K.L.:
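Submitted below is the structure of interest, expressed as structure tokens.
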Amino acid sequence: MTEPAVSETTPPQPGIFVAFEGGDGAGKSTQARTLAETLRANGCEVVLTREPGGTSIGEKLRSLVLDHGHGEVDARCEALIFAAARAAHATQLIRPALARGAVVITDRYIDSSVAYQGAGRGLPAVEVANLNAWATEELRPHVTVLLDVSPGQGRDRRTANDGAEDRLESEPDDFHARIRQAFLTLAAQDSEHYLVLDAALPVAELAAFVAARVLPLIPRVPGDQHERLD
Ligand code: TYD
């Protein structure tokens, strides 16, 4: 027997899973936080998390893979560390939260590995995608918000924020240009699943687009007169 198709409005678990993706300096963290606040104001349980991270082992792997000082890190080694952190994240944090009906918002997920370790480091995109499908037992977000940022603008924003760049951020502009293209390609291959936004838009405008896409996915809260939260 074939499995029924999974769509955004018929999630396999009661919760909703939203991922934010984009180049460094795209403003993902701000938008993820704003969406979390909007949903909480609507009475939702929200788990706001990030990759690499979200679990104790994930945070350790984060500093291992992002810190300078390990010399040159092999691309496969790097891909495996991100995937290992993601496996822990999916099993220990994301799935349990979805099972109890929470909205999980993650700042980065599998697309970041396909873009950075694939297009950025030169590993085959399909292999990186397969590794991560295995690591997460095929756990996919219901919607992925891609904040599209040019390498120049991303760099300017990073400098304006704190100036300190991690190992990946400090790669040259052509690395970030490949990553940008990879994110856009992933979105174009599955356009229904993605909300692609120009990261140069004002923060409030971006937040409104994100809310308009995500709120209709949230099931009705008991006692609410409205079908959905929008
Ligand atoms: P991020 O948390 O967005 O950095 P910051 O908090 O400094 O804005 O991401 C950390 C870096 O890790 C970023 O440069 C992208 C990179 N990264 C990968 O290369 N592969 C991955 O799978 C993930 C999740 C992140």
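Remember, it's 1-based here, ligands and their atoms both numbered in the order they're listed. Since we're looking at a predicted model, the values are computed, not measured. All heavy atoms count here, side chains included; hydrogens, waters and symmetry mates do not.
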K.L.:
Test of understanding: with side-chain contact (heavy atoms from CB on, under 4.5 Å), list the residues that count as partners of Glu72, not counting sequence neighbours.
P.N.:
none

K.L.:
Does any N or O in the side chain of Glu205 come within less than 3.5 Å of the main-chain N or O of Pro202, such that one atom is a donor and the other an acceptor?
P.N.:
no

K.L.:
Distances for all N or O pairs of ligand 1 and the protein under 3.5 Å?
P.N.:
residue: ligand 1; atom: 2 (O); partner: Arg62; partner atom: NH1; Å: 3.4
residue: ligand 1; atom: 2 (O); partner: Arg62; partner atom: NH2; Å: 3.0
residue: ligand 1; atom: 3 (O); partner: Lys28; partner atom: NZ; Å: 3.3
residue: ligand 1; atom: 3 (O); partner: Arg108; partner atom: NE; Å: 2.7
residue: ligand 1; atom: 3 (O); partner: Arg108; partner atom: NH2; Å: 3.4
residue: ligand 1; atom: 6 (O); partner: Arg62; partner atom: NH2; Å: 3.4
residue: ligand 1; atom: 7 (O); partner: Glu169; partner atom: OE2; Å: 3.0
residue: ligand 1; atom: 9 (O); partner: Arg108; partner atom: NE; Å: 3.2
residue: ligand 1; atom: 14 (O); partner: Asp24; partner atom: OD1; Å: 2.9
residue: ligand 1; atom: 14 (O); partner: Asp24; partner atom: OD2; Å: 3.2
residue: ligand 1; atom: 19 (O); partner: Gln117; partner atom: NE2; Å: 2.9
residue: ligand 1; atom: 20 (N); partner: Gln117; partner atom: OE1; Å: 2.8
residue: ligand 1; atom: 22 (O); partner: Arg86; partner atom: NH2; Å: 2.9
residue: ligand 1; atom: 22 (O); partner: Ser113; partner atom: N; Å: 3.3
residue: ligand 1; atom: 22 (O); partner: Ser113; partner atom: OG; Å: 2.6

K.L.:
Which pairs pass salt bridge (charged side-chain N to carboxylate O under 4.0 Å, His left out) with one or both residues in residues 43-64, sequence neighbours excluded?
P.N.:
Glu45-Arg100, Arg50-Glu59, Glu51-Arg86

K.L.:
Salt bridge check, Asp24 against Arg108: does any charged N sit closer than 4.0 Å to a carboxylate O?
P.N.:
yes

K.L.:
Can you list, by chain and residue number, the hydrophobic cluster partners of Leu131 when the side-chain cut-off is 4.5 Å?
P.N.:
Leu80

K.L.:
Do the side chain of Gln117 and the main chain of Ala75 share a donor and acceptor less than 3.5 angstrom apart?
P.N.:
no

